Asks: 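Submitted below is the structure of interest, expressed as C-alpha cells.
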Amino acid sequence: MSEPKGKGEGQENAPNFIHDLVREDLRTRKHGGQVVTRFPPEPNGYLHIGHAKSICLNFTTAELAERGRCHLRFDDTNPEAEDTEYVESIREDVRWLGFDWGSHEYFASDYFEKLYDCAVDLIERGFAYVDSQTLEEIREGRGDFYKPGMNSPYRDRSVEENLELFAGMRAGKFEEGAHVLRAKIDMASKDVNLRDPLMYRIRKVTHHRTGDDWCIYPMYDYAHPMSDAFEGITHSVCTLEFAHHNPLYQWFVSHFDFDPMPWQYEFARLNLTYTVMSKRLLKRLVEEGHVSGWDDPRMPTIAGMRRRGYTPAAIRRFAERIGVSRRDSIVDVGLLEHALREDLNATSPRTMAVLRPLKLVIENFPEDQEIELEAPFSPNDESFGSRRLHLTREVFIERDDFMEEPMKKWFRLAPGKEVRLRYAALVTCNEVIKDEAGNVVELRCSWDPKSKGGNAPDGRKVRGTIHWVSAKHAVDAEVRLYDRLFKDENPLDEALGGDFTSRINPESLELLEGAKLEPNLGARGPGERVQFERLGYFVVDADSTPERPVYNRTIQLKDSWAKLAKR
RNA sequence: UCCCGGGUCGUCUAAGGGCAGGACAACAGGCUUUGGACCUGUGAAUGGUGGUUCGAAUCCACCCCCGGGAACCA
C-alpha cells in the first residue's frame, strides 16, 4: 500500500515513517486492520507547537485505518503538578486544532484500581517486590553507566510479605519513602532502565481527580504501557527521549494477555528556530514576566499562537510538511510562517489601516466633498464581497510611505512625485510641512480628478500604490506589533553564553496607539483575521472592544522592499 | 570508560546498489492598482578514510561529530 515515492515533481505528501509503517501493518492485516493511537499529555502545563506535531501525527495516523481512532488520555499519575485547569486548556487546544477524539477521553487515574490489581498479579507471579531501602540506597544500588547495579537486600522477600506490604502501602500505613514497589528484572542490565525500575511510590498528596482515595501512585514506566494496553492502543507513538523506555514498555505489557498488544514507536520532537519549547523554560518566561502569560502572542503555546492569529489549518499544514523522522533537528520558523501566510493569503479579507499616520491634504479637493469608492475585500476572489470607502480632502498615509530624499528605486511618495492611493486616485506631492524641530507633519498634494478609482486617464505608468484612510472616517485603534521572541536562531546555544532570557528580542512587541483604521475594521470581533494591505495579517485581540479596537499583528507580508533597502 | 539513537543543499526532507529529487529560504527575471499574490529560471548537499562492486548516499570496516540515557518526573 505504500506507493513507491516517485522522483521529481509534486511530493505533496510529507515523508512520515510512522505512516509508512502503519500502512504496512494495514496491508498485512496486523491487529485485524485496526489502528488505535493516543495523545497522552500530562495535565501539568499548556500545550505548545511541539505537542501540535504529536497531536497531528497521532490523529492522522489513526485516520489511515477505516475505523481508526485516536484517544485523548491524560497521563495524570503524578498529583504534584497536575491540575484540572490544564485538562481544560488541553481539551480546548486539541479541539481548536481541529481534532475530535469523540467519546475516547481517558485518564490514567481512571485505571488506578486496575493498575493496582495488575501490580498484585505481578507480585504473585514473582515479577515485582516491595523494596524498603531509602532513596539513597536505591540510587546507590542502581550502579551507573559503567558499573552494574546490585540486588536490593529486599529483592527476595516472599510473595506473602510483598503482598502484605503493598496492601499496607495502599492503606496508608507507611510514610512517604518507607517502601516502593519495584519490577524484578535485572540489576546488571546494560540498560539502566531495566535495573528493577520503580512501579509505585507513596505520595500523600491530593490528586486533582481522585482526591485522597490513593496515597500510592504508579510511575510513568508502569502506568503508561498498561494504560495503552487497557485502551487497545495498537501504535503507541512518542518522542525519542522515551526510546530507552521501549524495552521496559514491552516488558510490562508482555506479562499480560493483551489483544491487541501495543508497540511503542519513537519520532524526533520538534524544535523551532527563534523560540524555546521546553515547559520548564516557557514557565520561566511567564513567571519572570518576560511575556504577559501562557497565551502571550509571542509564545509558542497553542494558546499564544491562537491569540497571535495563527490558524489551525496553517499549523496542521506545517506539521505535515516538516515530516516525521528520527533525526534531531531545528526547523526553520520560516517554514511555519510560510504555511501561515499561505493560509491567511487565501482566507483573509484585504483592508486598509495606517499604523503610523501622516496627514495628507489634497489641496484641489473641496472641503465638503466625499467621493464614494467600491473596494473589493479580495483582489481575486469575488466571493469576499466589497466595501465602500470615502475619499476626502484629508487622508492619512503611512509615514514610511513618504521619503523627503528618496533612495533610488523608491516608488512611493516623495516631493514632486506621483503615487496612487489604492482604489482612489493619483496624487502628487507639492509641499512638505514641518514643525520647528524639522519633522514632517503634513503633506500638501494635488490630485488628478480624472484618476478617480486610481486609473491613469492617459495610461501613464504610476509605479507606487500606497494605502490610506480617510481622516474623516477613520477609526482609532491600538495595534500590537509582534515579532520573534528571540534575537538568536537557537536561544539555547551554549556558545552564546549567558542565560537564554538575555537573548529575548527587545523588539518582539511594539505597541502602537492611534493607528487609523478604515471604518469596517472597528466593528470586528475578537479572533477575526484580516490583511492590512501592504503591512501584514492582523487579528482582533481578546482585549478589543467596539470603543477601543485592538489588533495584533500575526505576521508581516513578505517585504522585498525592506530587503532591497537593507543593501 | 558503558548503552541506545542519529549524521544528504543554509533549513526540513526524498532516493536505501543504477540520473542525488521536493519544499522553505536565497538569488535573477516576468507580471501586478498590495515592492503582496502569482509565474519562470539559477545557485546550493551525501561527516572522514579505506574496502566490496562495472557502478556506493545506499553494503562492509575503522574513525569523527551530534542527541539521549543512571528522578520515589513525564
Side-chain angles (χ1 to χ4, degrees), chain A residues 4-12 14-16 40-42 44 75-78 80-82 131 134-135 138-139 142-149 176-177 179-182 189-193 195 198-203 216-217 219-221 223-224 238 240-247 266 268 273 279 321-339 341-342 345-346 350 352 375 379-380 409-412 419-424 426 453-456 462-467 489 531-536 556-565:
Chain A
K5 263 159 290 182
K7 263 186 192 174
E9 73 276 12
Q11 290 175 358
E12 264 304 295
N16 183 328
E42 182 186 15
N44 68 346
D75 234 331
D76 55 348
T77 55
N78 181 14
E80 233 103 9
E82 296 158 3
D131 195 349
T134 62
L135 207 172
I138 290 176
R139 199 176 288 158
R142 188 149 31 216
D144 59 30
F145 290 149
Y146 318 111
K147 194 176 80 206
E176 287 190 10
H179 307 284
V180 293
L181 186 72
R182 298 180 77 172
S189 173
K190 291 209 170 188
D191 180 350
V192 193
N193 290 299
R195 321 241 255 233
L198 270 58
M199 293 171 61
Y200 272 93
R201 76 287 210 185
I202 301 171
R203 270 269 169 284
I216 57 172
Y217 291 96
M219 304 289 292
Y220 167 88
D221 277 321
H224 196 87
C238 65
L240 237 28
E241 67 267 29
F242 293 99
H244 312 87
H245 301 247
N246 203 341
E266 309 92 13
T273 55
K279 218 172 257 181
R321 284 221 261 247
I322 54 174
V324 177
S325 74
R326 289 175 67 92
R327 303 153 62 162
D328 299 306
S329 61
I330 304 183
V331 177
D332 188 341
V333 75
L335 236 38
L336 212 210
E337 295 173 343
H338 170 78
R341 288 198 184 95
E342 188 177 52
N345 176 47
R350 269 57 170 173
M352 291 198 285
N380 38 32
K409 296 210 173 173
W410 177 261
F411 306 147
R412 284 120 94 161
V419 296
R420 174 182 298 106
L421 296 181
R422 179 112 158 124
Y423 297 129
L426 264 20
N455 294 303
V462 177
R463 202 64 203 272
T465 299
I466 64 175
H467 57 278
E489 236 181 58
Q531 183 190 103
F532 291 173
E533 288 206 58
R534 303 209 305 129
L535 297 174
Q556 281 175 281
L557 253 28
K558 283 211 290 190
D559 187 352
S560 52
W561 166 251
K563 257 194 297 193
L564 224 180

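Worth saying up front: this structure is predicted, and the values here are computed from it rather than measured. Throughout, protein chains are lettered first and strands after them, A, B, ... in sequence-line order, and every chain is numbered starting at 1. The figures that follow rest on heavy atoms only: side chains count, while hydrogens, waters and symmetry mates do not.
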Asks: When all nucleic acid strands are considered with a 4.0 Å heavy-atom cut-off, which category describes A:Gly177: base, sugar-phosphate, or nothing?
Replies: base

Asks: Using the P atom on both, measure B:G29 against B:G67 and round to a whole Å.
Replies: 42 Å

Asks: When rounded to the nearest Å, what value does the distance between P atoms of B:U34 and B:C24 take?
Replies: 22 Å

Asks: With a 4.5 Å heavy-atom cut-off, do A:Asn246 and A:Glu266 have their side chains touching?
Replies: yes

Asks: For a quick check of understanding: with a heavy-atom distance under 4.0 Å over all strands, which category does A:His224 fall into, base, sugar-phosphate or nothing?
Replies: nothing

Asks: In whole Å, I'd like the distance from the NZ atom of A:Lys558 to the P atom of B:C27.
Replies: 10 Å

Asks: Using whole Å, what does the distance between atom P of nucleotide B:C24 and atom CD of A:Glu489 come to?
Replies: 18 Å

Asks: Within the 4.0 Å heavy-atom criterion, would you say A:Ile330 contacts the bases, only the backbone, or no part of the nucleic acid?
Replies: sugar-phosphate

Asks: State which of B:G36, B:U1, B:U11 makes the closest approach to the side chain of A:Asp332.
Replies: B:U11

Asks: I need the NE2-P distance between A:His467 and B:G35, as an integer number of Å.
Replies: 10 Å

Asks: Touch check for A:Arg422, heavy atoms < 4.0 angstrom, all strands: base, sugar-phosphate only, or nothing?
Replies: base

Asks: Specify the residue among A:Ser329 and A:Tyr423 whose closest nucleotide of RNA chain B lies further upstream toward the 5′ end.
Replies: A:Ser329

Asks: If you assign each of A:Pro40 and A:Arg350 to its closest nucleotide in RNA chain B, which residue comes earlier from the 5' end?
Replies: A:Arg350

Asks: Side chain of A:Asn193 only, heavy atoms from C-beta on: which candidate in B:U34, B:G69, B:C12 is closest?
Replies: B:G69

Asks: Where do A:Lys279 and A:Glu42 land on the salt bridge (charged side-chain N to carboxylate O under 4.0 Å, His left out) test, with the steps shown first?
Replies: CA-CA 11 Å; A:Lys279 218 172 257 181; A:Glu42 182 186 15; 5.3 Å; no

Asks: Show, in sequence, the C-alpha distance, side-chain angles and deciding distance for A:Arg201 and A:Asn78, and conclude whether the side chain to side chain contact (heavy atoms under 4.5 Å, CB included) test is met.
Replies: CA-CA 10 Å; A:Arg201 76 287 210 185; A:Asn78 181 14; 3.7 Å; yes

Asks: May I have the distance from A:Asp144 (atom CG) to B:A70 (atom C1'), rounded to whole angstrom?
Replies: 7 Å

Asks: Among all residues two or more places apart in sequence or in another chain, which pass the salt bridge (charged side-chain N to carboxylate O under 4.0 Å, His left out) test with A:Glu337?
Replies: A:Arg484

Asks: Suppose you measure atom C1' in B:G35 against the same atom in B:G10; what distance do you get, rounded to whole Å?
Replies: 25 Å

Asks: Please report, rounded to the nearest Å, how far the C1' atom of B:A70 is from the NZ atom of A:Lys147.
Replies: 10 Å

Asks: Closer than 3.5 angstrom, by distance alone: can the side chain of A:Arg420 be matched with the main-chain N or O of A:Gly454 as a donor-acceptor pair?
Replies: yes

Asks: Compare the minimum distances between each of B:C24, B:G35, B:A26 and the side chain of A:Lys563, then state the nucleotide with the smallest one.
Replies: B:A26

Asks: Which whole number of Å gives the distance between the P atom of B:A15 and that of B:C72?
Replies: 41 Å

Asks: Considering only atom P, compute the distance from B:U42 to B:U58 and round it to an integer number of Å.
Replies: 29 Å

Asks: For A:Glu42, which contact category applies under a 4.0 Å heavy-atom criterion: base, sugar-phosphate, or nothing?
Replies: sugar-phosphate

Asks: Would you mind classifying the nucleic acid contact of A:Glu176 as base, sugar-phosphate or nothing, using non-hydrogen atoms under 4.0 angstrom?
Replies: nothing

Asks: How would you label the contact of A:Met219 with the nucleic acid (heavy atoms, under 4.0 Å): base, sugar-phosphate, or nothing?
Replies: sugar-phosphate

Asks: On the side chain of A:Arg341, is there an atom forming a donor-acceptor pair with the base of B:G36 - under 3.5 Å, no angle test?
Replies: no

Asks: Quick one: label A:Ser325 by what it contacts on the DNA or RNA (base, sugar-phosphate, nothing), any heavy atom closer than 4.0 Å.
Replies: sugar-phosphate

Asks: Taking the side chain as everything from C-beta on, heavy atoms only, tell me whether A:His244 gets closer than 4.5 Å to A:Val192.
Replies: no

Asks: Hunt down any stem RNA chain B takes part in, defined as 3 or more consecutive Watson-Crick or G-U pairs whose two distances are each under 3.5 Å.
Replies: B:2-7 with B:64-69, B:10-13 with B:21-24, B:26-30 with B:38-42, B:47-51 with B:59-63

Asks: What's the verdict on side chain to side chain contact (heavy atoms under 4.5 Å, CB included) for A:Arg321 and A:His338, showing C-alpha distance, side-chain angles and the deciding distance?
Replies: CA-CA 11 Å; A:Arg321 284 221 261 247; A:His338 170 78; 3.6 Å; yes

Asks: What is the separation between atom OH on A:Tyr217 and atom C1' on B:A74, rounded to the nearest whole Å?
Replies: 16 Å

Asks: Look at the rings of A:Phe242 and A:Tyr220 and say which category their plane angle falls in: under 30° parallel, 30 to 60° tilted, over 60° perpendicular.
Replies: tilted

Asks: Quiz question: going by heavy-atom distance under 3.5 Å, is there a donor-acceptor pair between the base of B:U33 and the side chain of A:Arg463?
Replies: no

Asks: Taking side chain as C-beta onward, heavy atoms only, is A:Leu535 less than 4.5 Å from A:His467?
Replies: yes

Asks: Mind checking if A:Arg412 touches a base, just sugar-phosphate, or nothing, with heavy atoms under 4.0 Å?
Replies: base

Asks: Which whole-number value in Å describes the distance from A:Arg326 CZ to B:C66 C1'?
Replies: 15 Å

Asks: Under 4.0 Å, heavy atoms only, any strand: does A:Thr77 hit a base, just the sugar-phosphate, or nothing?
Replies: sugar-phosphate

Asks: Using whole Å, report how far NE2 of A:His338 lies from P of B:G10.
Replies: 20 Å

Asks: Pick base, sugar-phosphate or nothing for A:Asn246, based on heavy-atom distances below 4.0 Å to the nucleic acid.
Replies: nothing

Asks: Looking at the base of B:A70, is there any donor atom on it, or on the side chain of A:His244, that sits under 3.5 Å from an acceptor on the other one?
Replies: no

